[in-house]
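Structure, as structure tokens:
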Amino acid sequence: MTAPTIVWLRDDLRLTDNPALTAAADRGPVVLVYLLDDDSPEVRPMGAASRWWLHGSLRSLSTATGDQLVLRRGAAETVIPQLVADTGAAAVFWNRRYGAAREIDARLKSSLRESGLEAQSFQANLLFEPWTVRTGEGNPFRVFTPFWRAAREAAVRAPLPVPHVDWAIADGDDLESWALLPTHLDWTAGLHESWNPGEEGAHAQLESFVTERLADYHRRDEPAVEATSRLSPHLSFGEISPFQIWERMHGDLPAAATKNVAKFLSEVGWREFNANILFHSPELAEKNYRPAFDAFPWAEPDPRDLKAWQQGRTGIPIVDAGMRELRHTGYMHNRVRMIVASLLIKNMLIDWRVGEKWFWDCLVDADEASNPGNWQWVAGSGADAAPYFRIFNPMLQADKFDGQQKYIKRWVPEFGTAEYPESIVDLAASRREALAAYEHVKAGQRA
DNA sequence: ACAGCGTTGAG
DNA sequence: TCAACGCTG
């Protein structure tokens, strides 16, 4: 009887194209485990919307394995060795992650090996490993376009099929005991209406994108048009891999869709780019990527204004529509994310970190790299960021991308009535203040 | 309202 | 090695 191999799942909640699982299954019996790690300081605890998603995704995965998924809770460096002892495992395999938590993985890998176990990590969640994409001078890229051009020169492997797995037995927690779902005041009805967490839901989403939406992808900036993939939460939990998406984009597509493939894949490229930035700057969610922004004189947030932004009551229709979409569905259209972020940062002068945290709690696709990376992009403090002085006018943005006000009316039904609030910001005056505040960053750069 | 990235070609 | 350049967000 061969000793089992533990496969430790993290952001790779899938059975297909799972290199760690496939390699483990080749060796003999497998213990498939997911740890809820709210204890290790290197792990950013999931927000409320992500916890709702995690519950559904784990439920789905457990069913797909015939209830063989083992759930454990606690700090990985305590729980994994315990599980090794409980199961008599001879090896622990996992797929790589790229944030601060990879320090945990590195320490664990050496301590397991010191104890005579085999420990191996695999490439599964990024098309291109961050340390392989370098400028001519050997540095990491800080600009997207040359990064993506250089990255694509490497070959992309084909995805792996579901392996045949011989499951080994191990005790675990009951999913309900983790209380991932809200216990009182259930706010998740809109999430249920909008999403189907799990590997099956992820592939259905990819298929509906290819057949129904990709042909309209050139209109992806219009929030009232269904043209985006809506794959982000599935990717964020690893229910589908970028390799599977890549292969599908090179397979049979509707004729009208082919012209949009490169653009869509470049958005997948932005996910890779942000993961690269995080790999080289693990404190991306806390620190300005460009230190000159440390001199920025952020305003002390007025609690009422901040609440108005969070709840979608700023009096600026496109912003309120977006913030309400977020609270209701755990998602916001990409163009609208830029607009609401710009208002918070450049009209309300509130530190991007405040907005990033709110998104982290509300988004089902909250991603450790993309969320802070994109907030810093809007702020101007990030990699390849928009110039700070490019300040969106949310009214013009609405005219341009929601000219019929279809999106606005969907989420802000009282728009145009006396019930709709006055704007909490003077767009022209706050714009001037923001530009004046930016002078501090320019001064900091010279120093 | 332009700084800063990556490239290139000369030294 | 460096400065000039083109480009971009």
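Just so we're on the same page: letters track the sequence lines, and every chain starts at 1.
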Of the candidates C:dG9, B:dG6, B:dC2, the side chain of A:Phe141 sits closest to B:dG6
Looking at A:Ile240, A:Thr22, A:Leu160, A:Asn95, which hits side chain to side chain contact (heavy atoms under 4.5 Å, CB included) with A:Asp17? A:Leu160
Between atom CG in A:Asn276 and atom P in B:dG6, what is the gap in whole Å? 12 Å
A:Trp148 CH2 to B:dG6 C1', in whole Å, measures 19 Å
When you measure from the side chain of A:Phe389, which nucleotide among B:dT7, B:dC2, C:dG9 comes out closest? B:dC2
Distance check needed: C:dC7 C1' versus A:Phe144 CZ, whole Å only. 16 Å
Do you see a donor-acceptor pair shorter than 3.5 Å between the side chains of A:Glu222 and A:Tyr407? no
A:Gln376 CD - B:dG4 P separation (whole Å): 16 Å
Please state how far atom CG in A:Asn139 lies from atom P in B:dC5, giving the value in whole angstrom units. 11 Å
Can you tell if the side chain of A:Trp148 reaches within under 4.5 Å of the side chain of A:Phe141, non-hydrogen atoms only? no
Tell me which nucleotide among B:dC2, B:dC5, C:dG9 gets nearest to the side chain of A:Arg142. B:dC5
Considering only heavy side-chain atoms of A:Val143, the closest of B:dT7, B:dC5, C:dG9 is B:dC5
Rounded distance in Å - OH (A:Tyr289) to C1' (B:dC5): 10 Å
Just to be sure I understand the rule, does A:Pro387 reach a base, reach only the sugar-phosphate, or reach nothing, if contact means heavy atoms closer than 4.0 Å? base
Tell me if the aromatic rings of A:Trp131 and A:His280 count as close, with their centers under 6.0 Å from one another. no
Here the distance between atom P of B:dG6 and atom CD of A:Glu137, to the nearest Å, is 9 Å
Please report the distance, rounded to the nearest Å, between CZ in A:Phe147 and P in C:dG9. 14 Å
Does the A:Trp309 side chain pair with the main chain of A:Val340, one donor and one acceptor, at a distance under 3.5 Å? yes
Using a heavy-atom cut-off of under 4.0 Å over every strand shown, decide if A:Arg432 touches base, sugar-phosphate, or nothing. nothing
Side chain of A:Thr135, heavy atoms from C-beta onward: which of B:dT7, C:dG9, B:dG4 has the nearest atom to it? B:dT7
Winner on side-chain proximity to A:Thr145, out of B:dG4, B:dG6, C:dG9, is C:dG9
